[in-house]
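Remarks on the structure that follows.
Remember, it's 1-based here, ligands and their atoms both numbered in the order they're listed. Side chains are part of it too, since the values below use all heavy atoms of this structure and drop only hydrogens, waters and symmetry mates. Remember, it's a predicted structure, so these values are computed and weren't measured experimentally.
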Amino acid sequence: MKTGNYFSDNADLVRSFDALVAWDRLVPLTEGAEADVADAVSTWREVLSLAGRYIGTEIASRAKSVDEIGIVRQNGTVDINEPLKQNVNGLKQLGLIGLPFPKEYDGAGLPFTVTAMFIEMLARACPTTMIQAAFYTAPGAMILRFGNEEQKRRYLPRLAKGEIIGAVAMTEPQAGSDVGKVMTTATKSPDCWRLTGRKQFITSGNGDFVIVLARCVPDSVGLDGLGLFIVEKPHYVVERAEHKFTIRGSPTCALVFEASKGELLGEVGAGWREILSFMNESRVGIGIQGLGTAQAAYEAAMDYAAQRRQSDKPIREHPMVAEMLLDMETTVTGARALAYTAAVLQDLVLFGRDEQAARDLRELTPLVKWYGTEGAVRVCRLALQVHGGVGVVDEYDVGRFMRDSLITPIYEGTSQIQSLMAVKDLMKTTLQRPASLLGRGPSRLLADASFDGRVGSDFAAARGHIVGALRSLMGRLVRRKGPGLLRGAPLADEDLGPILLHAERLTEALAHAHVARVLAERARHIPERRKLAERAARTARLVAERNRRAIALDDGGVFERIAAWRSERS
Ligand SMILES: Cc1cc2nc3c(=O)[nH]c(=O)nc-3n(C[C@H](O)[C@H](O)[C@H](O)COP(=O)(O)OP(=O)(O)OC[C@H]3O[C@@H](n4cnc5c(N)ncnc54)[C@H](O)[C@@H]3O)c2cc1C
């Protein structure tokens, strides 16, 4: 695969760093009011360039072996493979593991926006290495947020230096998307908590400790009564690591807890709220993982299409191939612009407690995850197609990119769960401000945006189709529930049927509209980006129009079939 400096060789990433990010606001928040903005930004740029060189040479060149060797299973133990260890050791030696940890806990104290760029570069080189590195920081972020001072001192410096690695265990065999079905229990004993249950699909579950979501309030149900607990090795059993075709070097473990000794992290009963606040951050991270993989696939396709000749010309000069390449470029650049817009908001929330930023971030998070990961799968699929027959040959990297992209719309909340989150929030705002459906719609970010020329008219048309689709769905809800709906009448799944059915269509249209918005805003500062913004706005318009029509033409067939399946059960 292509090697080099994954920061400085990537013109759009460099531009995102130089032009997109609101450093004047972020530096005083993270470095203190007296800090020199130019100085801090230049240091962070150097860190990214240093990281980019290591990632783009050493890590990129080991990615194939990390994938081929997979996980090492020996004498009943699970371990990562040698090239992956070399990657992690290299990151440790360069001091790149603890980038987001505060300096007082031996980290570098970098803003999320900078570490997000580091994540993108890692995912471009080797998503398995990115995920492995993430499990030094992810459990650390939870301990930082919810732990007491003693817990922070005990874990954070060692995580920051890469001396220990953790895991976060939420999923159980019967509790996947439906987290409220968690059955692992935590019971208070005189000296500690005792955890009993099973967790599955736990990334890095073979590590040194695991943060477990468990039911700690007896007789509680659903998302109430949960808590977070730290359980250290050897108090739990790594039952197995899954054999899988994606991120093959990353151990995905089934864990068993049998009256395992644990300690509380955070508050009894607040586990769901706590894990959700962490998951919002990691969902942006997984959107960026998708982006990194898509970047790698796009580059491979560009290179191949320039040198492969058919019918006496490079295949990139065949219009259909050229259009695929442009589509990939728009998706990758759009995902990047959207992701770093969200990353900046994340910093404003984390360091500045900015409430408007929190509302905007809440709107964008599921869209970053949805667009970055579904976009990655599509870009990889197109890259494979551009490669023709060699695309399925193992010597080429695109097959691995395709396999690695496929995990991203699944973990940290599937695309369907992201869609439900995005649309439920939108519906809530609509019910609070129904008049917004007569104007530019309930999303403040979309409603306030306006642009000149073709970008402006296509963007406005996309927004109009989204508002039209929402109007039709709300109309169906009002006809079913009557005016009581606006006075807060309770809604059952049956009432919400059409909204649940079309949530992903709305989400797709929303994500494209936001991508068009952020690219159009960027094109104001970078005129050569105008064409790309026009393409994104036209795509947003087409997607929104198509999805609005699909919603309007819904013939209820899905619900008939569900009713039939339901009657088979009774
Ligand atoms: C490689 C890997 C690593 C992972 N790492 C971790 C980890 O570190 N920690 C951890 O806790 N978990 C982890 N997971 C678990 C992951 O988060 C779950 O697999 C994911 O949330 C989906 O849950 P599930 O597999 O049970 O699928 P299900 O929830 O059974 O979903 C199956 C399908 O039904 C759809 N679906 C489910 N409910 C709804 C609904 N209400 N509306 C519409 N569609 C719905 C889903 O979108 C999906 O398409 C990992 C999984 C994998 C594969």
Side-chain angles (χ1 to χ4, degrees), residues 67 70-71 78 80 127-128 130-139 141-142 165-184 197-207 209-214 222-223 226 228-229 231 236 238 240-255 257 271-272 274-276 278-279 282-283 285-286 289-290 293 366 369-370 373-374 377 403-424 492-494 496-507 558 562:
D67 177 71
I71 292 158
V78 172
I80 59 170
T128 294
M130 182 231 119
I131 279 297
Q132 188 68 15
F135 280 87
Y136 293 94
T137 49
M142 293 174 78
I165 186 165
V168 178
M170 199 166 69
T171 307
E172 298 181 7
Q174 76 299 337
S177 301
D178 189 359
V179 181
K181 290 287 188 298
V182 159
M183 278 166 41
T184 297
R198 308 179 78 84
K199 294 284 177 183
Q200 77 172 8
F201 295 147
I202 306 308
T203 303
S204 186
N206 60 322
F209 71 97
V210 53
I211 297 179
V212 182
L213 183 72
L223 299 171
L226 301 173
L228 295 175
F229 298 85
V231 185
Y236 56 94
V238 179
R240 64 171 191 281
E242 309 295 347
H243 294 260
K244 60 192 196 308
F245 69 76
T246 181
I247 49 168
R248 291 191 68 252
S250 166
T252 307
C253 303
L255 307 181
F257 301 85
W272 172 241
E274 291 166 349
I275 210 158
L276 194 63
F278 151 79
M279 261 166 57
S282 53
R283 282 172 175 165
I286 301 300
Q289 178 186 348
T293 308
K369 166 82 167 62
W370 189 93
T373 63
E374 292 291 340
V377 174
R403 285 188 285 108
D404 280 346
S405 75
L406 285 168
I407 186 57
T408 60
I410 292 175
Y411 58 16
E412 288 301 320
T414 64
S415 290
Q416 290 68 44
I417 297 302
Q418 301 312 303
S419 302
L420 292 180
M421 284 174 58
V423 168
K424 279 182 176 168
D493 264 13
E494 279 67 30
L496 290 172
I499 293 167
L500 299 179
L501 171 60
H502 297 297
E504 194 162 2
R505 290 200 170 89
L506 278 174
T507 300
V558 169
I562 290 175

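Put simply, the side chain of E274 does not reach to within 4.5 Å of the side chain of M142, judged on heavy atoms.
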> Would E412 and I417 count as a side-chain contact (heavy atoms from CB on, under 4.5 Å) if you check the C-alpha gap in whole Å, the side-chain angles of each, and the deciding distance to 0.1 Å?
Replying inline: CA-CA 9 Å; E412 288 301 320; I417 297 302; over 6 Å; no
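The backbone N or O of G413 lies less than 3.5 Å from a partner atom in the side chain of Q418, making a donor-acceptor pair. One N or O on the side chain of K369 and one on the backbone of T408 form a donor-acceptor pair closer than 3.5 Å.
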For each nitrogen or oxygen atom of ligand 1, which protein N/O atoms lie closer than 3.5 Å, and how far apart are they, rounded to 0.1 Å?
| unit_1 | atom_1 | unit_2 | atom_2 | d |
| --- | --- | --- | --- | --- |
| ligand 1 | 5 (N) | F201 | O | 2.8 |
| ligand 1 | 5 (N) | T203 | OG1 | 2.8 |
| ligand 1 | 8 (O) | T203 | N | 3.0 |
| ligand 1 | 8 (O) | T203 | OG1 | 3.3 |
| ligand 1 | 9 (N) | V168 | O | 2.8 |
| ligand 1 | 11 (O) | M170 | N | 2.8 |
| ligand 1 | 11 (O) | T171 | N | 2.9 |
| ligand 1 | 11 (O) | T171 | OG1 | 3.1 |
| ligand 1 | 12 (N) | T171 | OG1 | 2.7 |
| ligand 1 | 14 (N) | F201 | O | 3.2 |
| ligand 1 | 29 (O) | S177 | N | 2.9 |
| ligand 1 | 29 (O) | S177 | OG | 2.6 |
| ligand 1 | 47 (O) | T414 | OG1 | 2.7 |
| ligand 1 | 47 (O) | Q416 | OE1 | 2.7 |
| ligand 1 | 49 (O) | Q416 | OE1 | 3.4 |

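Residues forming a salt bridge (Lys or Arg N to Asp or Glu O under 4.0 Å) with K181 (at least two apart in sequence, or on another chain): D178.
Here the closest non-hydrogen pair linking E172 and R198 is CG-O, 3.2 Å.
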